[in-house]
Structure formats: structure tokens, C-alpha cells
Amino acid sequence: MNLPQPVAVGIWVVLGVVLLTLVLVGRRRLVRRSAGVVPTPPAPPAEAARGAVVLGPLDALYVSSTLAGDWLARVGAHGLGDRSQAQVTVHDGGLHVARNGAPDVWVPAAAVGGAALTPGMAGKFVGKEAIVVVTWTVPAEPVPADAPEAPTNPEVRLDTGLLPRHDHDVARLLEAVQGLAGRADDDRDRDAADDMHERRPGAPSAAPADPADPAPTRESATPGTDENDEEAP
């Protein structure tokens, strides 16, 4: 049955509005659900405080952030699930992702746990292992001294996907992020060793000798007896 053009257009408009509403509702639910799980990520420090530039900036696609190990569990809170074009720079102090139309993402070097390659993540598939997945830890939010309860958001591990625009940048970015992870592991091992050294008790010192009660010597012992012999009853 052929519908009049105004009626057909009206039906398509209604369907479009319904689909858009469903998308927005689902997005809000995702944000609310993950906001109770993922703490607020650290804000990017001033450029001078980020350390020397190791690599970049590189043009890349910020794919998404998911819960670590589950690349379908996209994080909607704090804008971490917003796919966008970005410029990625690796500093001595961490990884900076400057996104277009979305908040920047800063991953401190101490929070980096590792990096790997994957062909797909959070609904984005490229057919080859070109997405650099950065595993990092979002620290727990600070708790005020007068807070009655423990924090509801403990630290959480995330996987953040970055797809460099140029193929030759994939290996470079992977190597640079793995370098941050290696330095973070060395720092953690060094801190653990320092803590163990500080907690190790010192050797007990010998009690000072009492000059009024000098230790017996072999010359002062009675001839024919051993100074360790017990006195006969």
C-alpha cells in the first residue's frame, strides 16, 4: 500500500525520534551504572608538570574505556566511554589524551599496568591488531576526615583503547606505554624494598657489663673445679 508522502515522512520522523530516545535513555543508564563503580579519574596536570615528551603528539581515535579484562563493559561515567578523535602524547609522568569534544584523559605513569594490541574493542573492529589497549588503575577518591563511611568507589582497573591514525605509530605507541609500565613496576618494587628495610628490626644490643660484678675468668676459678659446675649439696 502506497502511503501519501506526508504520512510516510511523519512515520520516519516518529521512528527516528523513538530510536534517538532509546539511545539517550540507554546512555544515561550506562552513565549512572558506571558512575557508582568508577571513581573520578585524575585531572591532567599542567604541561610543565607532565615531564619530558617521550612520544607524540600522535593523531589517534579514542575508542573507549572499559572495565579491565571485559572489553564489552564500556564505562559511561566521566566521559570515558565517549569515542572521539584525539591527540596522544606520552610523557615521563604519564599518558595524555587530548580529545575533541570530550574531556581530556590523563593516565599517571604510576597507574599504568601494561599495554597490548587487539583488533577490536567496545564495538570497534578494525580487522587487525592496531588498537593499543592501555591497562591502568583509577585511584580511589579521597575521603574527608569527617566522612562517616568508607569510600563507595575503591580503585578500579580500566582498559583504554587508542587507535593511531598511521600504522607505523601503533608499535611506537605500544612501546612507549610499555616503557611507562616498566618504570612503574620498578618504582613499586623499590618502594616495597624500602618499606621492608624500614620495618626490619635492628639487631639487639648487648647489655652493658656491670663493673661491680665482673664476669668470672678462668684464673679466678677455684683450682680443680669448673666454674660451670653446680655446687654439690
Side-chain angles (χ1 to χ4, degrees), residues 23-45 50 54-91 93-142 151-165 169-170 172-181 184:
V23 170
L24 293 176
V25 170
R27 182 181 178 84
R28 290 193 184 99
R29 288 179 178 175
L30 177 63
V31 170
R32 287 197 300 267
R33 184 168 62 249
S34 55
V37 177
V38 180
T40 303
R50 299 172 189 171
V54 178
L55 178 67
L58 306 177
D59 291 331
L61 174 68
Y62 176 90
V63 178
S64 186
S65 288
T66 68
L67 298 180
D70 188 354
W71 294 345
L72 295 178
R74 190 162 58 94
V75 176
H78 318 299
L80 293 173
D82 296 341
R83 185 172 301 169
S84 58
Q85 296 295 327
Q87 283 195 323
V88 179
T89 306
V90 180
H91 299 265
L95 173 68
H96 181 233
V97 183
R99 299 192 291 170
N100 297 332
D104 290 1
V105 176
W106 170 254
V107 181
V112 178
L117 296 178
T118 182
M121 179 183 186
K124 177 67 176 179
F125 296 92
V126 295
K128 57 183 177 180
E129 292 192 340
I131 299 178
V132 179
V133 180
V134 182
T135 301
W136 59 294
T137 301
V138 182
E141 295 179 355
T152 57
N153 295 339
E155 63 179 20
V156 175
R157 288 174 63 84
L158 300 180
D159 286 335
T160 295
L162 302 170
L163 175 61
R165 174 176 295 179
D169 287 335
V170 174
R172 298 172 63 207
L173 179 58
L174 177 66
E175 182 180 1
V177 176
Q178 288 176 338
L180 290 180

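Not measured: the values here are computed from a predicted model.
- What you find for Gly94 and Leu180 is that their closest heavy atoms are C-CD1, 3.9 Å.
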Distance-only check: which donor-acceptor pairs under 3.5 Å involve side-chain atoms of residues 54-64, not counting sequence neighbours?
residue, atom, partner, partner atom, Å
Asp59, OD1, Gln87, NE2, 3.3
Tyr62, OH, Ser65, OG, 2.7
Tyr62, OH, Leu80, O, 2.7

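- Closest approach of Val177 to Ala115, counting heavy atoms only: CG1-CB, 3.6 Å.
- Taking 4.5 Å as the limit, some side-chain heavy atom of Leu117 sits within range of a side-chain heavy atom of Val132.
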Please step through side chain to side chain contact (heavy atoms under 4.5 Å, CB included) for the pair Leu158 and Leu67, ending with a clear verdict.
CA-CA 5 Å; Leu158 300 180; Leu67 298 180; 4.0 Å; yes
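- Listed by chain and number, the residues in a side-chain hydrogen bond (donor to acceptor under 3.5 Å, both in side chains) with Arg99 amount to none (sequence neighbours excluded).
- By the salt bridge (Lys or Arg N to Asp or Glu O under 4.0 Å) test, Arg172 pairs with Asp169, sequence neighbours left out.
- Summarising the geometry of Ala130 relative to Val170, their closest heavy-atom pair is O-CG2, 3.8 Å, with the distance given to 0.1 Å.
- The two residues Val156 and Pro39 make their nearest non-hydrogen contact at CG2-CD, 3.7 Å.
- Across all their heavy atoms, Ala86 and Val97 have their closest contact at CB-CG1, 3.7 Å.
- Enclosure of atom CD in Gln85 by more than 12 non-hydrogen atoms of other residues, nucleotides or ligands within 6.0 angstrom is indicated.
- Screening residues 116-127 for side chain to side chain donor-acceptor pair (under 3.5 Å) gives no qualifying pairs among residues at least two apart or on separate chains.
- The side chain to side chain donor-acceptor pair (under 3.5 Å) contacts involving residues 128-139 comprise Lys128-Asp167, Thr135-Asp159, Trp136-Thr160, where partners must be two or more places apart or lie in separate chains.
- For Arg74 (side chain) and Ala122 (main-chain N/O), no donor-acceptor pair under 3.5 Å exists by modelled atom type.
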Stepwise side chain to side chain contact (heavy atoms under 4.5 Å, CB included) test for Leu95 and Val112
CA-CA 9 Å; Leu95 173 68; Val112 178; 5.6 Å; no
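- Partners of Pro44 according to the side-chain contact (heavy atoms from CB on, under 4.5 Å) rule, which considers only residues two or more places apart in sequence or in another chain, are Arg50, His96, Asp104, Trp106.
- One distance of note links OG1 of Thr89 with CG of Leu173; it measures 10.0 Å at 0.5 Å rounding.
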